[in-house]
**Student:** 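One structure, as structure tokens, below. Some questions next.
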Amino acid sequence: MSQLKVYNSLSRQKEVFESITPGHVGMYVCGPTVSGESHLGHARPFITFDIVNRYLKYLGYKVRYVRNITDAGHFEEEGREAEDKISKKAVLEKLEPMELVQKYTNLFHWAMNQFNNEEPSIEPTATGHIVEQIVMIEKIIDDEYAYVANGSVYFDVEKYNDDFSKLGLPYGMLSGRVLDDQLDSTRELDNQDEKRNKADFALWKNAPPEHIMRWKSPWGYGFPGWHIECSAMSTKYLGKQFDIHGGGMDLQFPHHECEIAQSTVCNHVTPARYWLHNNMITINGKKMGKSYNNVIKLSELFSGNHPLLSQAFSAMTIRFFILQTQYRSPLDFSSDALHAAEKGLKRLWEACEVLQNFSIADWELDAEKVDKELDEKVNRLLGEFEDFMNDDLNTAKVLANMFELVPVINSIKDKHQPADVLSKQTLLLLQQKMKIFTEEVLGLKSELSGDHTKLNGVLEVLIDLRKQAKVRKDYVTSDAIRNQLLTLGIVLKDEKNGSMSYTYN
RNA sequence: GGUCCUGUGGCCGAGUGGUUAGGCAGAGCUCUGCAAAAGCUUCCACACCAGUUCGAAUCUGGUCGGGACCUCCA
């Protein structure tokens, strides 16, 4: 079997993945900022890195997956006026930050659950790690890579770059930026600015009393800068150097660049060996984001309540839609594309269920009748599952292979060809690998919710009545049963062998 | 303006220098009381120009188009 290779943003090429500690992987992924409801664009990184987590586990690694919750900073609820945050009025009239944080954290967890994303091993919050962040900032100040100004602390990017470039670790190494170019292109220095240099970034921000989220620090009351939380938490839970750091491409600069600088100063080693970045979801070619006013919230997708949506889409449809594209490619959203994904997923999933219902072990198969060419093809298609995943997690190609296996499964089910065309060994392998890869690696699951036992019983009764009607050639009755069930979203199918099956839409 | 990425058939998308991606939609056929489903077959492609090469959607250069990021945003 091939080795796992991942595209490392640091080197801009695919590299063989080797963990620092054999058998173990430490992975840090930038989590959501819980000041608003998650949208479709947010779904991608968390599904992408869920796949990374799942596949590493499939390969036998023990994974510590850390994904933070950004709940510090100055927040406003979506749609609420900015005046809230500077209100000096009664406590209950003010926006209580933890209300927001709790509300959107709950919503986020609900969405992750809908997508069948596995829970991270640790989900630390920024507000829960203020102490660690302060300690880290103090260390950076002691080493003279940061300075205090008006109760805020800034990282001295130029000094860092001068010193660390000599070690081959210039500021900008991840995003491919050259600091001097940036300084040149952003010349106009603001006199009122506390920063010595335009490229410097905040480690700690001074916050006046009217600011509703603030903590005491050696530099006065304030709140931590955005970048330091990830450095503090990844170091605490994964060590000074860990294996994988993930996130959306839009975080590469400045967020991840700054993390590298901070952590490198504190820990004397670059934080992560492999930096993985997923591409954006676009809508009519534009990144989905607040500033573009083209956001589709997850709740709107699930309900279909949005002008751009022709219908509601399930979380699994969205997961499948995302997995049909390699994670480093941009993915363009449209209602039509999602609709196509929905139909494709249904077809794939039904074939998987059919396959799992085969009692292959009990089958008597004639080894003489095996179609060698087909048998080899099936084995090849299955063997490539790992090869494609190993090639930078190409879920799109794995799914394409699965779709090539669908006709093989269906034609055996419908007796278009006998099960003998495949050897028993191949059939068992097919059953086993399809199950593991769809459910465990790709994380797809049936969307039937609740207990359908009684409903299934009722359907059996109706099917029995319909069979009797068909025997009488009473097609009016048999069609009525089928058509009326259809209006309820239950599809009856007459199978080749005279039985009837049903699916819920 | 700077840095980087990208342009594939009606739609979404994969892609290695030479061979079918795959899904959805379309067409035909088989099966069927009729459907649905399924199976088989099939149409449609690589932005443009030039170069490298025996051969390029895949490499190089140019043109045009699209996108991301460019530091306090969260």
Side-chain angles (χ1 to χ4, degrees), chain A residues 12 30 32-36 70-76 126 152 154-155 157 172 175-178 181-182 184-186 193-195 197-203 205 223-227 229 248-255 257-258 277 279-280 282 284-287 289-291 320-321 324-326 328-348 350-351 354 388 391 394-404 406-417 470 473-475 478-479 482-483 486 491-496 500-503:
Chain A
R12 288 156 197 276
C30 293
T33 296
V34 285
S35 65
T70 298
D71 59 352
H74 69 172
F75 290 165
E76 297 162 25
S152 293
Y154 294 97
F155 190 92
V157 170
S175 53
R177 284 154 208 270
V178 177
D181 291 350
Q182 292 177 58
D184 288 346
S185 65
T186 55
D193 207 322
E194 303 158 345
K195 291 191 282 188
N197 196 310
K198 196 118 207 266
D200 294 351
F201 58 88
L203 295 172
K205 276 296 265 188
F223 59 93
W226 175 27
H227 315 304
E229 59 165 299
M249 250 175 197
D250 53 346
L251 297 182
Q252 209 172 70
F253 189 90
H255 185 54
E257 204 70 72
C258 296
H277 292 100
N279 215 315
M280 303 289 101
T282 59
N284 294 323
K286 283 250 190 283
K287 175 185 170 185
K290 264 188 210 169
S291 50
F320 177 78
F321 174 65
Q324 267 192 306
T325 307
Q326 213 275 345
R328 283 190 295 115
S329 298
L331 171 55
D332 199 48
F333 161 88
S334 70
S335 201
D336 285 349
L338 265 186
H339 188 242
E342 181 180 55
K343 296 186 82 163
L345 173 61
K346 184 167 188 278
R347 186 168 126 87
L348 176 65
E350 283 181 10
V354 161
F388 293 154
D391 185 16
N394 198 329
T395 53
K397 291 188 91 172
V398 172
L399 285 169
N401 270 24
M402 286 182 174
F403 274 106
E404 288 203 58
V406 166
V408 177
I409 296 165
N410 283 333
S411 58
I412 289 174
K413 181 201 75 165
D414 285 341
K415 310 256 194 294
H416 288 133
Q417 54 185 350
K470 282 186 70 170
K473 294 199 190 292
D474 177 5
Y475 297 122
S478 69
D479 286 355
R482 188 175 63 197
N483 294 337
L486 187 61
V491 185
L492 269 193
K493 291 182 232 173
D494 295 339
E495 298 292 341
K496 289 281 187 298
M500 295 177 198
S501 66
Y502 53 88
T503 53

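Letters A, B, ... mirror the listed sequences (proteins, then strands); counts begin at 1. Atom set for the values below is all heavy atoms of this structure, side chains included, hydrogens, waters and symmetry mates excluded.
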**Student:** Given the P atoms of rG7(B) and rC12(B), what is the spacing between them in whole Å?
**Tutor:**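 Result for the P pair: 13 Å, nearest Å.
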**Student:** Could you report the tightest heavy-atom contact between Ala396(A) and Gln326(A), atom names first, then the distance?
**Tutor:**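 Of all heavy-atom pairs spanning Ala396(A) and Gln326(A), the closest is CB-N, 4.1 Å.
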**Student:** Take atom CZ of Phe403(A) and atom C1' of rG13(B), then tell me their distance rounded to the nearest Å.
**Tutor:**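 Rounding to the nearest Å, CZ of Phe403(A) and C1' of rG13(B) are 12 Å apart.
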**Student:** Pro407(A) side chain: which of rC40(B), rC11(B), rA74(B) is closest?
**Tutor:**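 That would be rC40(B).
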**Student:** Could I get the full list of ring pair (Phe, Tyr, Trp, His ring centres under 6.0 Å) partners for Phe321(A), not counting sequence neighbours?
**Tutor:**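 Testing Phe321(A) for ring pair (Phe, Tyr, Trp, His ring centres under 6.0 Å), a comparison that skips the adjacent residues, returns none.
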**Student:** Given rG39(B), rG33(B), rG23(B), identify the nucleotide with an atom nearest to the side chain of Val406(A).
**Tutor:**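 Within the option list, the nearest is rG39(B).
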**Student:** Checking side-chain contact (heavy atoms from CB on, under 4.5 Å) against Leu399(A), which of Asn394(A), Thr325(A), Leu348(A), Leu345(A) comes through?
**Tutor:**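 Going through the options one by one, the only one that passes is Leu348(A).
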**Student:** Determine the contact category for Ala400(A): base if any of its heavy atoms lies under 4.0 Å from a base atom, sugar-phosphate if only primed atoms, P, OP1 or OP2 are that close, otherwise nothing.
**Tutor:**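 It contacts base atoms.
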**Student:** Measure from the ring centre of Tyr475(A) to the centre of the six-membered ring in the base of rG33(B), then say whether that distance is under 5.5 Å and the planes meet at under 30°.
**Tutor:**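 One would call Tyr475(A) stacked on the rG33(B) base.
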**Student:** Rounded to whole angstrom units, what separation is found between the CD atom of Gln417(A) and the C1' atom of rC40(B)?
**Tutor:**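 One finds 11 Å between C1' of rC40(B) and CD of Gln417(A), rounded.
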**Student:** Please give the nucleotide sitting opposite rU19(B) as a Watson-Crick or G-U wobble pair, both distances under 3.5 Å, or none.
**Tutor:**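 Result: none.
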**Student:** What contact category does Leu345(A) fall into here, base, sugar-phosphate, or nothing, at under 4.0 angstrom with non-hydrogen atoms?
**Tutor:**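 The answer is nothing, as Leu345(A) stays clear of every strand by at least 4.0 Å.
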**Student:** Taking only the side-chain heavy atoms of Asp414(A) (C-beta and beyond), determine which of rA38(B), rG33(B), rU71(B) contains the nearest atom.
**Tutor:**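 That would be rA38(B).
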**Student:** So, taking the atom named CZ in Arg328(A) and the one named NE2 in His277(A), what distance separates them when rounded to the nearest 0.5 Å?
**Tutor:**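 It comes to 12.0 Å.
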**Student:** Do His227(A) side-chain and rC73(B) base share a donor-acceptor contact under 3.5 Å?
**Tutor:**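 A donor-acceptor contact between them is present.
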**Student:** Ignoring the backbone of Thr33(A), work out which of rA35(B), rA74(B), rG22(B) is nearest its side chain.
**Tutor:**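 When the side chain of Thr33(A) is considered, rA74(B) is the closest of rA35(B), rA74(B), rG22(B).
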**Student:** Return the value, rounded to whole Å, for the distance between atom CG of Asn410(A) and atom C1' of rC31(B).
**Tutor:**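 Going from Asn410(A) (CG) to rC31(B) (C1'), I get 14 Å.
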**Student:** Indicate yes or no: does Lys346(A) engage Glu342(A) in a salt bridge with an N to O separation below 4.0 Å.
**Tutor:**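 Between Glu342(A) and Lys346(A) there is no salt bridge, as every charged N stays at least 4.0 Å from the carboxylate O atoms.
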**Student:** Applying the Watson-Crick and G-U wobble criteria at under 3.5 Å, what pairs with rA27(B)? Answer none if nothing qualifies.
**Tutor:**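 rU41(B) - that is the nucleotide pairing with rA27(B), both distances being under 3.5 Å.
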**Student:** Rounding to an integer number of angstrom, what distance separates rG39(B) and rC4(B) when you compare their C1' atoms?
**Tutor:**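 The answer is 47 Å between these two C1' atoms.
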**Student:** Calculate the interatomic distance between Gln326(A) atom CD and rA14(B) atom C1'; express it in whole Å.
**Tutor:**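 About 9 Å, once rounded to whole Å.
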**Student:** Round to the nearest Å and state the distance from Lys493(A) atom NZ to rG39(B) atom C1'.
**Tutor:**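 In whole Å, rG39(B) C1' and Lys493(A) NZ are 14 Å from each other.
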**Student:** Using the P atom in both, what is the distance from rC24(B) to rG66(B), to the nearest Å?
**Tutor:**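 The same atom, P, in both gives a distance of 32 Å.
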**Student:** Could Glu350(A) and Lys413(A) be called an ion pair, given the rule that one side-chain N must be under 4.0 Å from one carboxylate O?
**Tutor:**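 Salt bridge: no.
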**Student:** Please tell me which of Trp226(A) and Phe321(A) maps to the more 5' nucleotide of RNA chain B, matching each residue to the nucleotide holding its nearest heavy atom.
**Tutor:**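 In this pair, the answer is Phe321(A).
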**Student:** When we call it a touch if two heavy atoms are under 4.0 Å apart, what does Lys473(A) touch: a base, just sugar-phosphate, or nothing?
**Tutor:**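 If one applies the 4.0 Å heavy-atom cut-off, Lys473(A) turns out to touch nothing in the nucleic acid.
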**Student:** Take the angle between the ring planes of His255(A) and Trp226(A) and call it parallel below 30°, perpendicular above 60°, tilted in between.
**Tutor:**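 Rings of His255(A) and Trp226(A): parallel, as their planes differ by under 30°.
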**Student:** Report yes if a side-chain nitrogen or oxygen of Arg347(A) is closer than 4.0 Å to either non-bridging phosphate oxygen (OP1 or OP2) of rC24(B); otherwise report no.
**Tutor:**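 Answer is yes, contact under 4.0 Å.
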**Student:** What interatomic distance, in whole Å, is found between P of rC5(B) and the corresponding atom of rC73(B)?
**Tutor:**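 It comes out at 28 Å once rounded to the nearest Å.
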**Student:** Please report the distance, rounded to the nearest Å, between NZ in Lys205(A) and P in rC72(B).
**Tutor:**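 Taking NZ of Lys205(A) and P of rC72(B), I get 9 Å after rounding.
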**Student:** Go nucleotide by nucleotide along RNA chain B from the 5' end; which of Lys397(A) and Pro32(A) gets its closest nucleotide reached first?
**Tutor:**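 Looking at the nearest nucleotide for each, Lys397(A) comes out on the 5' side.
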**Student:** Going by modelled atom types, is there a donor-acceptor pair between the base of rC4(B) and the side chain of Arg12(A) at under 3.5 Å?
**Tutor:**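 Absent.
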**Student:** Which of these nucleotides, rG39(B), rG33(B), rC70(B), is closest to any side-chain atom of Pro254(A)?
**Tutor:**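 Within the option list, the nearest is rC70(B).
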**Student:** Would you list the protein and nucleotides 65-67 of chain B atom pairs, both N or O, that sit under 3.5 Å from each other?
**Tutor:**
residue: rG67(B); atom: OP1; partner: Lys286(A); partner atom: NZ; Å: 2.1

**Student:** Only counting residues at least two apart or in another chain, list the ones meeting side chain to side chain donor-acceptor pair (under 3.5 Å) with Ser152(A).
**Tutor:**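 Partners of Ser152(A) under the side chain to side chain donor-acceptor pair (under 3.5 Å) test: none.
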**Student:** Figure out the CD/P separation between Gln252(A) and rU3(B), and round it to whole Å.
**Tutor:**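 Result: 16 Å.
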**Student:** I'd like to check Glu229(A) versus Pro224(A) (side-chain heavy atoms, cut-off strictly below 4.5 Å). Are they in contact?
**Tutor:**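 Side-chain contact under 4.5 Å: no.
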**Student:** If I pick the C1' atom on rU8(B) and the same atom on rA14(B), what distance separates them, to the nearest angstrom?
**Tutor:**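 10 Å, rounded to whole Å.
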**Student:** What's the spacing between Asp200(A) CG and Cys258(A) SG if we round to 0.5 Å?
**Tutor:**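 The SG atom of Cys258(A) is 10.0 Å from CG of Asp200(A), to the nearest 0.5 Å.
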**Student:** Within this structure, what is the CE-to-P distance between Met402(A) and rA14(B), rounded to whole angstrom?
**Tutor:**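 Distance check: Met402(A) CE to rA14(B) P gives 17 Å.
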**Student:** Do Asn401(A) and rG22(B) have a side chain to base donor-acceptor pair shorter than 3.5 Å?
**Tutor:**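 Counting by modelled atom types and ignoring angles, no donor-acceptor contact under 3.5 Å is found here.
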**Student:** Below the 4.0 Å mark, does rC72(B) have OP1 or OP2 next to a side-chain nitrogen or oxygen of Lys195(A)?
**Tutor:**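 Yes, such a contact exists.
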**Student:** rG28(B) and rA36(B): how far apart are their P atoms, nearest whole angstrom?
**Tutor:**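 Comparing P positions in rG28(B) and rA36(B) gives a spacing of 13 Å.
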**Student:** Looking only at atom C1', what distance separates rU58(B) and rC46(B), rounded to whole Å?
**Tutor:**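 Straight-line distance between the two C1' atoms is 10 Å.
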**Student:** Considering just the side-chain nitrogens and oxygens of Ser329(A), establish if one lies under 4.0 Å of OP1 or OP2 belonging to rA14(B).
**Tutor:**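 Affirmative; the distance criterion is met.
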**Student:** Are Asp494(A) and Lys470(A) ion-paired here, with the side-chain N under 4.0 Å from a carboxylate O?
**Tutor:**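 The answer is yes: the pair qualifies as a salt bridge.
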**Student:** Would you please confirm or rule out a distance under 4.0 Å between OP1 or OP2 of rA25(B) and any side-chain N or O of Lys343(A)?
**Tutor:**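 Yes.
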**Student:** Looking at rA14(B), which nucleotide sits across from it as a Watson-Crick or G-U wobble partner, both distances under 3.5 angstrom, or is there none?
**Tutor:**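 WC or wobble partner does not exist here.
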**Student:** Is the base of rC34(B) touched by the side chain of Asp494(A) through a donor-acceptor pair closer than 3.5 angstrom?
**Tutor:**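 Indeed there is one.
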**Student:** Between rG61(B) and rU53(B), how far apart are the C1' atoms? Round to whole Å, please.
**Tutor:**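 One C1' to the other, the span is 16 Å.
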**Student:** Is the phosphate of rG15(B), meaning OP1 or OP2, less than 4.0 Å from a side-chain N or O of Asn394(A)?
**Tutor:**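 For rG15(B), OP1/OP2 do have a side-chain N/O of Asn394(A) under 4.0 Å.
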**Student:** In the structure shown, which nucleotide is the Watson-Crick or G-U wobble counterpart of rC59(B), with both distances under 3.5 Å?
**Tutor:**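 Matched rC59(B) with rG51(B) under the 3.5 Å cut-off.
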**Student:** Between the base of rC69(B) and the side chain of Arg177(A), is one N or O donor paired with an acceptor at under 3.5 angstrom?
**Tutor:**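 Indeed, a donor on one side and an acceptor on the other fall under 3.5 Å apart.
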**Student:** Contact class for Gly225(A) vs. all strands (heavy atom < 4.0 Å): base, sugar-phosphate, or nothing?
**Tutor:**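 If one applies the 4.0 Å heavy-atom cut-off, Gly225(A) turns out to touch a base.
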